[in-house]
Amino acid sequence: MKYEQVCIEALGYTLPEEVLTSDEIEERLEPLYNRLRLPQGRLELMTGIRERRMWPPHTQPSGPSVRSAQRALSIAGIDRGRIGALVHGSVCRDYLEPATASGVHHHLGLDHACLIYDVSNACLGLLNGIVQVANMIELGQIEAGLVVGTENARPLVETTIAALNADTSLTRESVKLALASLTIGSGSAAIVLAHRAISRTGNRLLAATARAHSAAHDLCQSDQDQAGGGMQPLMHTDSERLMREGIAAGAATFGPFLTEAGWQRSDVDRTFCHQVGAAHRKLMLESLELDVANDFATFFTLGNTGAVALPITMAMGIEAGHLQPGQRAALLGIGSGINVLMLAIEWRKSLAKT
């Protein structure tokens with residue numbers, strides 16, 4: 001997929017105030033750790049994640065999504081009447097129905113003609129939303145669009161801790177299936193895309209490449225659909241196999257991605273990856289022969305924030321000066337399923353916060 005008319009105009013994000021450290025999680029898992037004689041510090045050692053954030057209890061995703069969208073729209077400075085599509089792309093949503101995008105649309109005061117819906121694709125939901133809105137802009141159907149989402153880790157983390165302490169049949173081997181659930185963090189992100197004719201930045205979306213490796217679809221699975229504020233999910237993840245298969249899928253996609261973007265490997269100035277953990281980041285970048293010095297990471301303090309992880313990381317990287325005008329950035333998304341989606345961006349200008 002190639003684009004001539006689409007710009008990434010602005011990003012906005014919101015983080016919870018409450019911090020939950022890996023040490024605190026292990027303290028709450030004391031019954032399990034004592035029974036299995038697990039060493040303290042194991043969680044951070046295995047993942048590189050020191051802490052993650054948590055929304056207050058009973059937070060619905062639409063609330064933080066509205067705040068993130070407000071920030072992105074304010075930075076972009078685009079009249080809200082020109083937003084022709086709104087996609088809510090996180091795993092978490094308010095209810096099974098209606099679409100969480102409905103409440104976000106209402107509170108943002110967007111036009112009645114704005115197309116709104118939810119997209120769900122594990123950790124790639126917001127990136128999928130970007131591609132869908134970009135396609136509409138490229139076709140001339142809309143002038144601008146908004147992609148937003150919010151992940152709420154509290155229900156999964158708290159339910160996992162309770163289940164691990166209660167299940168006395170667990171062994172050192174079987175408990176590994178729950179490790180990924182303890183790395184999850186909360187956050188919210190929004191992206192404004194615009195036709196280059198109305199763009200103030202010229203930050204071009206050049207190309208997108210997607211690959212599905214669905215033979216590994218069963219390596220990470222939650223319970224049956226329990227979306228909504230009262231959900232108490234559990235998730236089982238074969239983390240080691242998922243990492244191996246995900247990295248292999250990413251490596252198989254990277255060559256076609258470079259061809260689609262018209263780049264050589266040396267043209268990639270900066271990278272932003274989905275935030276899983278230290279081992280995944282190291283092996284992924286090594287497999288793609290990319291320099292870790294050119295990558296920006298947030299998992300150390302945010303954990304894996306699902307579908308909002310990559311856009312939050314990009315937004316924070318831009319704030320930190322990691323991405324400069326004239327540089328080319330590769331957004332490297334890999335999600336359970338296994339699905340890969342990579343975006344090529346040519347950065348020109350970062351708009352100031354308002």
Side-chain angles (χ1 to χ4, degrees), residues 1-3 87-93 117-135 147-151 156 180-181 183-184 187 189 191 193 205-225 227 233 235-261 271-277 279-281 283-285 287-288 290 295 299 303-314 329-345:
M1 294 173 276
K2 295 184 178 181
Y3 300 97
V87 178
H88 198 275
S90 53
V91 175
C92 297
R93 53 196 193 276
Y117 56 91
D118 291 355
V119 165
S120 177
N121 191 20
C123 294
L124 293 187
L126 269 73
L127 291 187
N128 286 129
I130 289 174
V131 168
Q132 292 176 350
V133 170
N135 290 344
V147 182
V148 65
T150 295
E151 302 292 22
L156 177 59
S181 300
T183 68
I184 303 301
I191 308 100
L193 296 92
L205 173 62
L206 301 176
T209 302
R211 291 291 185 275
H213 294 258
S214 57
H217 71 277
D218 57 351
L219 297 182
C220 179
Q221 293 182 329
S222 69
D223 288 343
Q224 293 181 343
D225 199 331
M235 188 168 69
H236 301 279
T237 306
D238 187 336
S239 298
E240 294 177 3
R241 283 190 61 202
L242 184 65
M243 181 171 66
R244 290 197 305 269
E245 295 291 343
I247 289 171
T253 309
F254 193 60
F257 166 71
L258 291 176
T259 300
E260 195 86 39
T271 57
F272 299 98
C273 305
H274 175 56
Q275 303 293 294
V276 177
H280 181 276
R281 180 197 191 204
L283 293 174
M284 171 55 69
L285 293 174
S287 73
L288 303 184
L290 295 171
D295 185 64
F299 63 82
N304 178 353
T305 53
V308 305
L310 197 155
I312 283 180
T313 301
M314 183 177 177
L331 278 56
L332 307 175
I334 301 176
S336 58
I338 290 173
N339 291 293
V340 181
L341 182 55
M342 299 182 176
L343 307 182
I345 294 174

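Remark: Ser120 engages no residue in a side chain to side chain contact (heavy atoms under 4.5 Å, CB included) (not counting sequence neighbours). Legend: residues meeting salt bridge (charged side-chain N to carboxylate O under 4.0 Å, His left out) with Arg281, ordered by chain and number and at least two apart, are Asp295. Considering only residues two or more places apart in sequence or on other chains, Phe272 meets the ring pair (Phe, Tyr, Trp, His ring centres under 6.0 Å) condition with His322.
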Stepwise side-chain contact (heavy atoms from CB on, under 4.5 Å) check, Ile345 with Met314 = CA-CA 11 Å; Ile345 294 174; Met314 183 177 177; 3.9 Å; yes

task = Applying side-chain contact (heavy atoms from CB on, under 4.5 Å), run through His88 and Val148 and close with a yes or a no.
result = CA-CA 5 Å; His88 198 275; Val148 65; 3.8 Å; yes

request  = Quick one: do Tyr117 and Val87 satisfy side-chain contact (heavy atoms from CB on, under 4.5 Å)? Show the steps, please.
outcome  = CA-CA 5 Å; Tyr117 56 91; Val87 178; 3.7 Å; yes

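Closest heavy-atom contact between Phe257 and Ala344: CE1-N, 3.5 Å. Heavy atoms only, all atoms of each residue included: Met1 and Glu260 are closest at N-OE2, 2.8 Å. Contact between Leu288 and Ala251 at its shortest, heavy atoms only, is CD2-CA, 3.6 Å. Ile191 and Pro311 make their closest contact through CD1-CB, 3.9 Å (heavy atoms, listed as atom of the first residue, atom of the second, distance). Heavy-atom minimum distance, Ala307 versus Ser90: CB-CA, 4.0 Å. Smallest separation of non-hydrogen atoms from Ser287 and Ile247: OG-CG2, 3.6 Å.
With contacts defined as side-chain heavy-atom distances shorter than 4.5 Å, the pair His274/Leu124 does not qualify. Side-chain contact between Val308 and Thr150: absent, with no pair of heavy atoms (C-beta onward) separated by less than 4.5 Å. Within the 4.5 Å cutoff, no side-chain heavy atoms of Phe299 are placed close to those of Thr305. Residues Leu343 and Val131 are in side-chain contact: their nearest non-hydrogen atoms beyond the backbone lie under 4.5 Å apart. Side-chain contact between Asn121 and Leu341 is absent, with no heavy atoms from C-beta onward closer than 4.5 Å. Within the 4.5 Å cutoff, side-chain heavy atoms of Pro256 are placed close to those of Arg211.
Met342 CE to Ile334 CD1: the interatomic distance, rounded to the nearest 0.5 Å, is 5.5 Å. Between atom OG of residue Ser181 and atom CG of residue Asn304 there is a gap of 10.0 Å, rounded to the nearest 0.5 Å. Here the CG-CD1 distance, from Asn135 to Ile130, works out to 12.0 Å after rounding to the nearest 0.5 Å. Interatomic distance, Asp118 CG to Arg93 CZ, rounded to the nearest 0.5 Å: 7.0 Å. With rounding to the nearest 0.5 Å, the separation of CG in Leu290 from CE in Met284 is 9.5 Å.
For the pair Glu151 (side chain) and Cys92 (backbone), a donor-acceptor distance under 3.5 Å is present.
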